[in-house]
Number of protein chains: 2
Amino acid sequence: MFKKILIAEDFQDTNKGIVHALEVNLQIDIIQEELYCDKAFNRFKVAFEKGEPYELLISDLTFKESHVDRRLTSGIDLIKAIRGVDKNIKIIVNSMIENPTEINALFKDQKINGYVCKGRNSLNELLEGIQEVYQNRTFVSPQLNLNSSNSVFEMDKYDIMILKDLAEGLTKKEISEKLKKLNISPNSESTIDKKVSKLFDEFGAKNTHHLIAKLIKQGKL
Amino acid sequence: MFKKILIAEDFQDTNKGIVHALEVNLQIDIIQEELYCDKAFNRFKVAFEKGEPYELLISDLTFKESHVDRRLTSGIDLIKAIRGVDKNIKIIVNSMIENPTEINALFKDQKINGYVCKGRNSLNELLEGIQEVYQNRTFVSPQLNLNSSNSVFEMDKYDIMILKDLAEGLTKKEISEKLKKLNISPNSESTIDKKVSKLFDEFGAKNTHHLIAKLIKQGKL
DNA sequence: TAATCCCTTACAGAAATCTGTAAGGGATTG
DNA sequence: CAATCCCTTACAGATTTCTGTAAGGGATTA
């Protein structure tokens, strides 16, 4: 897992909420939070020049104005400044903005690695996103149906029914029998096997355990 | 799954939130919500006498006063009245009260089947609780460490590490090898097997899929 | 010291998962 | 109509999971 993470978020409650969630759920050696873009950038720069760079930046996009003089006034400013120095640092944006165009631009122009949309599940999504980004995949909050480069996979009712049953401990044989009773087709064990295997690919899961865990964390099951 | 559910909850936003969550996540034929205990009881009684009883009651405990004349003024009143008529109906209490003594009394005296503590995760817990109660088990929000009859099982760091690895798609063989590399003992595949099997019993899971799903929904993984 | 208990581990067999091949049928297209 | 594609299904083999039994070792207790 990442060893050094930098967090830029101006609202203190949100800021602390993120830090706490990371502390509780992940083993990170250094978690540094900042309330100002400029301060965040300074911290990043010092660490980078010292040869101990941060591995991940989690940043908001909008920052409140303040009485303090500020050079970098938005998350985009901050990200641009940081990307100009370090092309390797992973970046996850955590913002309330839901505009697909804007979000896609972040992936394309700023090479961000993840986008989490603030909301009732965003802490869970952030944790999930960190895992994904750590494994060199990109992450986008599932509720945002971006038709971007990394396509979003849809599950239909049939897939969801099967996975819910698996998550409740039914075997594929039992699910097959259940479907036959309900006169739902297709219903062979073989087809169920294939459906689930296809979902492995689509969601980057290694096996059923992994798939179920991912989907529940994304609120899809 | 339950076919008829009755909900008693006076705050409209909460009320609608519950209803919506049930509609989205479960297949229930009839979900009836009421804002007053008396109205809830009337509805229950009519259905019961008609031979089409509700199968599950989800009720708050505290109800605001109002200008309307009320006979039943609290969730306990409501539950007592309903239990006096129907001993089979399942009851889940959904309240902000966290006092273990009070909660234990509900299980002992009113024979309730589940207790969900309102909070940031309480909708998920409610959904989980409904599943549990449907399968004739009791449910209590995991953050409430009741030392009541249905004991709460603790997982240590070791158990959690194993389950997190399983949830990320590692096989038990891989986990065993990982533990050996980290010089963590015990580390045999066999012991891991047994640890996980014991957790099946403790959490009422049928297999690993089921266990992982439960624990993630409870926020433990 | 001996008896007991609990934890760890090895092993073995049944069941389930996962992956691949192949055959058949329906829908689409040229 | 023929060719093609896609979905469903059967089946088979390798791997993994799950559940027992049994043996050994350390800690506790009588």
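Below, chains carry the letters A, B, ... as their sequence lines are ordered, and counting in each starts from 1.
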Using residues 174-186 of chain A as the side-chain source, report each donor-acceptor pair under 3.5 Å to any protein atom, sequence neighbours left out, with the distance given to one decimal.
residue : atom : partner : partner atom : Å
A:E174  : OE1  : A:T171  : N            : 2.8
A:S176  : OG   : A:N187  : O            : 2.7
A:K178  : NZ   : A:D165  : OD1          : 3.0
A:K178  : NZ   : A:D165  : OD2          : 2.9

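- The distance between atom CD1 of A:I175 and atom P of C:dA15, rounded to the nearest whole Å, is 19 Å.
- Qualifying ring pair (Phe, Tyr, Trp, His ring centres under 6.0 Å) partners for B:Y158, counting only residues two or more places apart in sequence or in other chains: none.
- For A:K206, the side-chain contact (heavy atoms from CB on, under 4.5 Å) criterion is met by A:H210, B:L170, not counting sequence neighbours.
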Requested in this report: Mark up nucleotides 5-17 of chain D, 5' to 3', with B wherever a protein heavy atom is under 4.0 angstrom from a base atom, S wherever such an atom reaches only the sugar-phosphate, and - elsewhere.
Outcome: ---SBBB----SS

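- Counting only residues at least two apart or in different chains, salt bridge (Lys or Arg N to Asp or Glu O under 4.0 Å) contacts with residues 128-143 of chain A comprise A:E132-A:R137, A:E132-A:K214.
- A:D109 is linked by a salt bridge (Lys or Arg N to Asp or Glu O under 4.0 Å) to nothing, counting only residues two or more places apart in sequence or in another chain.
- The partner of D:dA23 is C:dT8, judged by Watson-Crick or G-U wobble contacts that both fall below 3.5 Å.
- Along DNA chain C, the nucleotide nearest A:S197 and the nucleotide nearest A:E174 are compared for position; the residue whose nucleotide lies closer to the 5' end is A:E174.
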